[in-house]
There are 2 protein chains.
Amino acid sequence: MDYLELKTLQTARLKETLRTVFIKNDFYKNKLNEAGIKHISDIDNIKNIDDIKNLPFTAKIDLVNNYPFGIFSRPLKDLIRIHASSGTTGKPIIAGYTKRDIRVWSHLMARVLCAAGLGKNDIGQNAYGYGLFTGGLGFHYGAEALGMTIIPMSTGFTERQFTMMEDIGATALFCTPSYALFLGEEINKFIKDTSKIKLKKGIFGAEPWSNEFRQNIESSLNIDAYDIYGLSELLGPGVAFECVYKNGLHINEDNFLPEIINPKTGEVLKEGEQGELVLTSLNRQAMPLIRFRTKDITSLYKDKCRCGRSFVRMHKIKGRTDDMIILKGVNIFPSQIESIIFGYDYLEPAYLIELYTDNLLDKMNVIIEPKQEVFNMGGSKMDELTKEISHKIYELVGIRSKVTAVPPKTLERSQGKSKRIRDLRKKI
Amino acid sequence: MDYLELKTLQTARLKETLRTVFIKNDFYKNKLNEAGIKHISDIDNIKNIDDIKNLPFTAKIDLVNNYPFGIFSRPLKDLIRIHASSGTTGKPIIAGYTKRDIRVWSHLMARVLCAAGLGKNDIGQNAYGYGLFTGGLGFHYGAEALGMTIIPMSTGFTERQFTMMEDIGATALFCTPSYALFLGEEINKFIKDTSKIKLKKGIFGAEPWSNEFRQNIESSLNIDAYDIYGLSELLGPGVAFECVYKNGLHINEDNFLPEIINPKTGEVLKEGEQGELVLTSLNRQAMPLIRFRTKDITSLYKDKCRCGRSFVRMHKIKGRTDDMIILKGVNIFPSQIESIIFGYDYLEPAYLIELYTDNLLDKMNVIIEPKQEVFNMGGSKMDELTKEISHKIYELVGIRSKVTAVPPKTLERSQGKSKRIRDLRKKI
């Protein structure tokens with residue numbers, strides 16, 4: 001699709017979406033009123049997709065405040081499915097889908113699988129959680145749309161995951177990067193001759209992960225690992241995806257309009273500048289969202305990919321505004337620490353960032369796991385090691401941190417999304 | 001469909017199925033050879049669906065021995081999905097599906113939902129396990145085919161089940177009867193005003209349950225409860241189902257040919273006689289099974305149902321040949337004990353049958369839970385109660401058993417299939 005064609009399509013779809021929410025959703029009607037769109041005919045004044053910057057943002061809290069159905073633009077009877085994610089309050093965040101929404105989503109997920117080089121003859125072992133979480137069913141329907149064979153494993157039952165991998169001969173694995181890493185750590189325990197495993201590709205998402213993380217998964221499972229991005233508020237997985245060149249994520253721009261903003265001021269940033277990703281639904285019936293603030297930190301860039309796809313790309317998510325550690329006024333993302341830890345062959349691929357208060361000062365302790373043979377070398381070796389890593393962290397983020405070595409397999413492994421930060425700081 | 005039409009359809013589909021397995025499956029080719037079908041043209045000699053009695057049985061052990069793909073009649077590349085159930089050995093039992101198989105299955109499940117009086121405007125809370133187990137995705141696709149709204153809850157997270165029930169307003173619940181019973185026991189803990197719950201119907205299966213069990217679920221959740229029957233080897237749920245008259249299960253005879261046999265001799269029994277249910281696939285591509293021995297005990301009857309459906313019906317499953325307790329030469333099913341326990345208002349809906357050896361003799365101890373106010377009455381009341389129940393059991397099954405009262409909520413509750421027997425007998 002060429003640039004002008006895309007912009008025309010996006011503008012038309014944006015206007016259609018605005019008309020829908022204006023007519024069918026009181027929350028959005030009020031928001032648009034406040035932004036100066038008093039009558040539906042005012043929507044016709046939007047000439048250019050860049051005019052979106054004049055529209056109001058939607059935040060997660062708006063979904064919480066309008067729980068359960070206040071954000072829907074269709075009545076319950078028009079829905080065929082409901083998903084939910086755990087919310088910031090005790091109540092979940094509800095996502096609704098019409099029949100058409102599910103079809104569109106499945107199609108977008110088929111694109112994702114196709115871009116990773118998968119096709120009809122592949123067998124996908126789907127270890128994303130099935131159920132209310134959008135990961136499992138998102139991949140399931142995408143694989144089905146593409147005509148793959150899908151094994152609906154869901155999460156957990158690691159031994160059975162390996163049994164099926166070995167006996168059915170899955171060629172692709174779908175799960176969170178944390179679980180893929182865990183499978184990579186465990187594979188030799190369960191499979192005698194890993195050369196017989198047919199796995200060649202994996203698509204991993206639902207949490208930010210670094211390129212060093214990728215290398216670890218790729219070498220332990222002997223596969224190509226691809227990133228995928230999405231969020232349940234905007235359909236689920238399938239917003240953006242890596243192609244076989246693994247060089248940034250192609251955003252499905254015909255369905256989602258991306259912007260990068262300064263998370264503090266809301267100002268729209270330029271191509272290449274890093275900030276918070278904001279997404280607008282361009283093709284959704286049940287629950288279109290206007291300028292949804294994802295809290296994810298990345299940047300956009302338009303240079304052509306070798307694969308030929310022309311949609312804008314985004315860099316791997318660096319972290320979430322939620323996860324960003326502010327220590328002594330410095331912003332640090334766990335992914336920065338991760339890129340250091342996962343770069344060392346003699347460390348296990350695991351870490352925990354502990355924030356604590358010592359003598360009124362906030363400090364950071366990075367807990368690492370040296371491999372068994374390294375750990376066995378004892379005290380002075382550990383001192384040397386932790387000093388080196390502390391120095392690397394200082395070089396990268398500008399903060400001096402404590403680094404603590406614990407025996408291998410001491411830190412908790414996750415079968416879903418990992419928890420990387422333990423915040424023990426005293427709140428004043 | 002009238003009787004002759006049905007028999008003609010069944011015969012044609014049986015012959016088509018036999019041709020398929022004869023050509024495409026070595027295991028079946030050998031089996032059919034042994035049964036005298038040496039050439040594919042011999043299949044033409046089958047004139048009548050009753051000739052099926054001359055064909056060999058397939059047992060679960062045949063699936064185990066031909067693990068993983070030896071029972072498939074299609075190559076892996078023709079499949080779009082794989083399910084699995086836990087096998088009797090460590091390996092699972094694999095079930096494969098072509099695109100058409102999934103379509104047929106979804107259609108059959110839509111029939112099931114429709115027969116329970118559900119339709120487009122209903123919201124189904126699907127608390128069957130999603131993933132390899134056929135329950136979750138079976139109901140999911142059936143609801144989708146019917147145009148219902150489905151909430152893919154999967155099992156567990158009881159508090160969230162109630163949150164969604166209350167906030168989304170599900171009108172139908174799908175799960176195992178054990179989990180429905182558990183939800184019924186817990187509902188008052190989580191929901192203040194149960195009159196606001198919109199639930200009106202539930203479809204429960206994947207384990208045998210008695211009519212007394214049904215009454216308990218119906219009164220605690222204030223719904224109509226329907227039974228459904230199926231097994232992963234033969235698609236999954238959707239082999240047979242109750243209509244709104246709850247008077248036996250209609251078998252989807254156009255897709256499954258049912259027979260009742262004497263489990264010891266293999267002899268086919270007459271209408272009304274109780275024995276082991278045997279099923280033959282009549283409309284399956286990936287994995288047709290010939291005369292599969294289900295191990296489930298029931299009987300068939302043909303008298304018309306008030307709903308007008310003409311397919312043969314089967315009684316609620318009484319138990320499995322596996323679960324049948326043989327004590328002093330007498331056959332006892334847990335469902336018989338259940339029908340007594342669940343008939344008492346002053347007992348909690350829970351029990352455990354403990355088999356043990358005392359002085360070289362095998363004995364039975366039925367553990368029950370009197371309700372709190374009854375339990376508080378103490379020793380002599382308990383003696384009276386347990387004596388009465390022991391007498392009832394004796395009257396029904398002809399065996400004198402010990403009955404032991406334990407405090408309420410002492411026995412384990414299941415969120416999936418319940419375990420009703422604890423066998424502590426000494427094996428000689």
Side-chain angles (χ1 to χ4, degrees), chain A residues 67-69 75-84 86 90-92 94 96-99 102 119-134 136-137 140-141 143-157 159-161 163-164 166-171 286, chain B residues 67-69 75-84 86 90-92 94 96-99 102 119-134 136-137 140-141 143-157 159-161 163-164 166-171 286:
Chain A
Y67 176 86
F69 307 129
L76 262 180
K77 73 174 180 49
D78 288 358
L79 307 188
I80 66 158
R81 199 193 297 170
I82 281 167
H83 277 285
S86 40
K91 295 286 190 184
I94 306 289
Y97 301 78
T98 64
K99 195 167 189 171
I102 295 290
K120 277 173 174 294
N121 291 326
D122 282 295
I123 301 175
Q125 182 153 340
N126 189 3
Y128 277 106
Y130 275 69
L132 283 180
F133 173 58
T134 50
L137 286 168
H140 182 94
Y141 275 63
E144 191 177 85
L146 195 63
M148 285 176 66
T149 308
I150 194 88
I151 317 174
M153 298 297 303
S154 205
T155 41
F157 301 103
E159 185 169 358
R160 178 168 279 199
Q161 299 278 0
T163 302
M164 297 296 275
E166 195 168 18
D167 296 349
I168 309 296
T171 58
Chain B
Y67 175 87
F69 307 129
L76 262 178
K77 73 173 178 54
D78 289 359
L79 306 187
I80 66 158
R81 201 193 296 171
I82 280 167
H83 278 284
S86 38
K91 294 287 189 182
I94 307 289
Y97 302 78
T98 64
K99 196 165 189 174
I102 295 290
K120 275 172 174 297
N121 291 327
D122 282 296
I123 301 175
Q125 182 152 342
N126 189 4
Y128 277 105
Y130 275 68
L132 282 180
F133 173 59
T134 51
L137 286 168
H140 183 94
Y141 275 65
E144 191 176 83
L146 196 63
M148 285 176 67
T149 307
I150 194 86
I151 316 174
M153 297 298 302
S154 205
T155 41
F157 302 102
E159 184 168 358
R160 178 168 279 198
Q161 299 279 358
T163 301
M164 297 296 276
E166 195 167 18
D167 296 348
I168 310 294
T171 58

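Each chain gets a letter, A, B and so on, in the order the sequences are listed, and its residues count up from 1. The figures here come from the full heavy-atom set of this structure, side chains too, leaving out hydrogens, waters and symmetry mates.
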*Asks:* Given heavy-atom pairs under 4.5 angstrom as the criterion, report whether the side chain, backbone, both or neither of B:Asn121 touches chain A.
*Replies:* side chain

*Asks:* Under the rule for side chain to side chain donor-acceptor pair (under 3.5 Å), what residues qualify as partners of A:Asp122, not counting sequence neighbours?
*Replies:* A:Thr171, A:Lys200

*Asks:* Measuring heavy-atom distances to chain A, does B:Tyr97 have an atom under 4.5 Å in its side chain, in its backbone, in both, or in neither?
*Replies:* neither

*Asks:* If I measure from the heavy atoms of chain B, does A:Met153 come under 4.5 Å with its side chain, its backbone, both, or neither?
*Replies:* both

*Asks:* How would you list, in number order, the residues of residues 125-132 of chain B that have a heavy atom less than 4.5 Å from chain A?
*Replies:* B:Tyr130, B:Gly131, B:Leu132

*Asks:* Could you grab the distance from atom NZ of A:Lys99 to atom CD of B:Glu144, nearest 0.5 Å is fine?
*Replies:* 7.5 Å

*Asks:* May I have the step-by-step check of side chain to side chain contact (heavy atoms under 4.5 Å, CB included) for B:Asp167 and A:Phe69, ending in yes or no?
*Replies:* CA-CA 9 Å; B:Asp167 296 348; A:Phe69 307 129; over 6 Å; no

*Asks:* Measure A:Leu137 against the heavy atoms of chain B and call it side chain, backbone, both or neither at under 4.5 Å.
*Replies:* side chain

*Asks:* Under a 4.5 Å cutoff for heavy-atom pairs, which residue among A:Lys120, A:Lys77, A:Glu159, A:Met148 has the most contacts with chain B?
*Replies:* A:Met148

*Asks:* Pick whichever of A:Phe133, A:Phe157, A:Tyr141 has the most heavy-atom pairs under 4.5 Å with chain B.
*Replies:* A:Tyr141

*Asks:* To the nearest 0.5 angstrom, please state how far the CZ atom of A:Arg81 sits from the CD1 atom of B:Ile123.
*Replies:* 15.0 Å

*Asks:* Decide yes or no on side chain to side chain contact (heavy atoms under 4.5 Å, CB included) for B:Met164 and A:Ile94, but give the supporting numbers first.
*Replies:* CA-CA 10 Å; B:Met164 297 296 276; A:Ile94 306 289; 3.9 Å; yes

*Asks:* Could you tell me which portion of A:Tyr67 (side chain, backbone, both or neither) has an atom closer than 4.5 angstrom to a non-hydrogen atom of chain B?
*Replies:* side chain

*Asks:* Determine whether a donor-acceptor pair (N or O, by modelled atom type, separation under 3.5 Å) exists between the side chain of B:Thr149 and the backbone of A:Leu79.
*Replies:* yes

*Asks:* As an exercise: rank A:Leu76, A:Ile80, A:Ile82, A:Thr155 by heavy-atom pairs under 4.5 Å with chain B and give me the winner.
*Replies:* A:Ile80

*Asks:* At a heavy-atom distance under 4.5 Å, which candidate from A:Ser154, A:Pro68, A:Pro152 has the highest pair count against chain B?
*Replies:* A:Pro152

